[in-house]
Structure formats: structure tokens, C-alpha cells
Amino acid sequence: MGNGMCSRKQKRIFQTLLLLTVVFGFLYGAMLYYELQGQLRKAEATALKYQQHQESLSAQLQVVYEHRSRLEKSLQKERLEHKKAKEDFLVYKLEAQETLNKGRQDSNSRYSALSVQHQMLKSQHEELKKQHADLEEDHRKQGEEFSRTFSDHKERYLQLQQEKEQEISKLKGKCNLCLAAHIKLSVWHCVFVV
């Protein structure tokens, strides 16, 4: 009877330890899952930010190219007007001279302003390219760090799992020894009672 109580206590202790092991394993897994989800959300937000930045750069480049095309058309138009003014020069010498001088002055002013604006846009474009390259490098480093952290956590999880399996195996062995001892005592008890 006393041995039966001892066996029940040991069985209850074993069940409690097993339950605690499962609960702690589940909690660790949940914490790891939550951490990985947070990192995944951060990585997705960063990727979306880079994509939006790239789309913004593409739109800005498109505006620059359209502006350049308009400038080239405007310049061609000015050249045609200038050529016509030269042809009319002999007939309308005084008028053409004034018109030509004014047109030349306007064209030069416009061209200077457009050149300055073009240089500014070019500088902005180079700066944006540099920022984009820096962001890509940061993204790459963060990806490597994430992979390293994930690998470390996975290795630790597997190590803990192996340790717990070894502990469970040892406890099973002890339970089997207790059961065998209990059977032997029951047999001896029966032999002495008979």
C-alpha cells in the first residue's frame, strides 16, 4: 500500500514536470513566433518604403525627361524663328534687327535659366541615387542580421528540444525502474503472504 502511494506521488510529480516542460516549451515557441512576426513586419515595411521611394524616383525622372523634351522642342522652335528672322532681315532691316536682338536676349535668358535648373535637377538626381544605394546597403545588412538571429534562435531551440528529450528519456527510465521494483515487491509480498 505504501509503495502504491509512493508510485502515485512519483507519477504525479512526473506528470507535473512533463506538463511544465510542455508549457514552457509552448511559451518559448510563442515568444519566438511573436518576435519573428515583428521582424517580418519591419522587413515588409522597409521593403514597402524602398518600393515607394523607387516609384517616387521614377516619377521624378519621368518629369525630368518630359521637361527636357519640352526644352528641346522649345529650343528647336526658337532656332526656326531665328532662321526666319535672318531671311526677313533684308526686307525688314530695322524691325528685324530689334526683333532679333530681343529674341536672342530672351532665348539666352531662358537657356541660362533652364541650364541652371537642369544642373540642379541633375544634382538632386545624383543625391537621390546615393541615398537609394545607402538604403539598399542598410536593407542588405538588416537582412543578414535577421538571418543570423533566426539561425541562432533555431539552433538554440533545437538544442533545448534535444535536452528536454534526453530528460524525458531519463525520467522514463527511472519510471520503468520504479515499476520493476514495485512488481518485484508485489511478487515478494504475495510469496510471503502465501
Side-chain angles (χ1 to χ4, degrees), residues 1-65 120-194:
M1 189 78 173
N3 288 333
M5 291 294 284
C6 182
S7 176
R8 285 183 191 161
K9 284 182 181 179
Q10 288 177 348
K11 186 176 182 182
R12 185 163 288 206
I13 289 170
F14 172 74
Q15 288 175 345
T16 305
L17 286 174
L18 182 61
L19 180 62
L20 285 174
T21 302
V22 170
V23 168
F24 283 124
F26 178 77
L27 287 175
Y28 179 76
M31 286 172 50
L32 183 63
Y33 176 77
Y34 177 77
E35 178 66 24
L36 291 177
Q37 284 294 323
Q39 290 180 3
L40 179 62
R41 281 194 294 274
K42 285 180 185 175
E44 288 173 349
T46 304
L48 180 62
K49 181 177 156 187
Y50 289 154
Q51 183 180 5
Q52 290 172 348
H53 185 66
Q54 184 179 5
E55 290 172 359
S56 172
L57 286 176
S58 297
Q60 289 176 5
L61 280 175
Q62 184 65 30
V63 168
V64 169
Y65 289 138
M120 286 172 54
L121 289 172
K122 196 173 178 183
S123 297
Q124 288 176 357
H125 176 66
E126 291 300 320
E127 182 62 27
L128 288 172
K129 272 173 61 175
K130 183 180 180 299
Q131 288 177 2
H132 183 263
D134 291 343
L135 288 172
E136 282 183 339
E137 179 65 20
D138 289 344
H139 179 64
R140 184 188 63 76
K141 287 179 181 176
Q142 287 175 357
E144 289 175 358
E145 181 63 27
F146 173 77
S147 297
R148 213 171 19 255
T149 304
F150 179 78
S151 176
D152 291 344
H153 282 296
K154 186 175 180 182
E155 185 178 329
R156 179 68 180 143
Y157 173 76
L158 291 174
Q159 182 183 358
L160 285 173
Q161 186 179 24
Q162 187 177 11
E163 289 173 5
K164 293 306 173 188
E165 286 174 359
Q166 288 174 357
E167 287 178 15
I168 289 170
S169 177
K170 287 178 183 178
L171 288 173
K172 282 183 181 178
K174 287 180 181 179
C175 284
N176 288 338
L177 287 174
C178 287
L179 184 61
H182 178 67
I183 291 171
K184 283 182 183 179
L185 286 173
S186 295
V187 168
W188 280 98
H189 180 68
C190 289
V191 169
F192 286 120
V193 168
V194 174

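What you are looking at is a predicted structure, and each value in this text was computed from that prediction instead of being measured.
By the neighbour-count criterion of 12 heavy atoms within 6.0 Å, atom CD of E155 is sparsely surrounded, having that number or fewer from other residues, nucleotides or ligands. Within a 6.0 Å radius of CZ in R140, other residues, nucleotides and ligands contribute more than 12 heavy atoms.
Counting heavy atoms from C-beta on, the side chains of Q60 and L57 come closer than 4.5 Å. In this structure the side chain of E127 reaches within 4.5 angstrom of the side chain of Q131, judged on heavy atoms. When side chains are defined from C-beta on, Y28 counts as touching H153, because their heavy atoms get closer than 4.5 Å. Considering only heavy atoms from C-beta on, Q62 stays 4.5 Å or farther from S58 through its side chain. Side-chain atoms of T149 and Q39, non-hydrogen and from C-beta on, do get closer than 4.5 Å to each other. With a 4.5 Å cut-off on side-chain heavy atoms, L128 and H125 do not count as touching. The closest side-chain heavy-atom distance from Q142 to E145 is not below 4.5 Å.
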Please tabulate, for side-chain N and O atoms in residues 42-54, each donor-acceptor pair with protein atoms closer than 3.5 Å (sequence neighbours left out).
residue, atom, partner, partner atom, Å
T46, OG1, K42, O, 2.8
Y50, OH, L135, O, 2.7

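Without hydrogens or angle criteria, S151 side chain to S147 main chain gives no donor-acceptor distance under 3.5 Å. At distances below 3.5 Å, not a single donor-acceptor pair connects side-chain atoms of S169 with backbone N or O atoms of E165.
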Candidate pair K164 and Q161, rule side chain to side chain contact (heavy atoms under 4.5 Å, CB included), full reasoning: CA-CA 5 Å; K164 293 306 173 188; Q161 186 179 24; 5.9 Å; no

Chi angles and distances behind the salt bridge (charged side-chain N to carboxylate O under 4.0 Å, His left out) call for K141, E144: CA-CA 5 Å; K141 287 179 181 176; E144 289 175 358; over 6 Å; no

From CA spacing to verdict: side chain to side chain contact (heavy atoms under 4.5 Å, CB included), S186, H182: CA-CA 6 Å; S186 295; H182 178 67; 3.8 Å; yes

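Atom CG of L27 and atom CG of L32 lie 12.5 Å apart (nearest 0.5 Å). Between atom CZ of residue F24 and atom CG of residue L19 there is a gap of 10.0 Å, rounded to the nearest 0.5 Å. Here the CD-CD distance, from E35 to Q37, works out to 11.0 Å after rounding to the nearest 0.5 Å. Taking OH of Y34 as the start and CG of L36 as the end, the distance is 12.0 Å to the nearest 0.5 Å. Rounding to the nearest 0.5 Å places CD of E163 at 12.0 Å from OG1 of T21. Atoms CD and CG, from E167 and L17 in turn, are 9.0 Å apart once rounded to the nearest 0.5 Å.
The side-chain contact (heavy atoms from CB on, under 4.5 Å) test with D134 is passed by exactly one of E137, K130, H132: K130.
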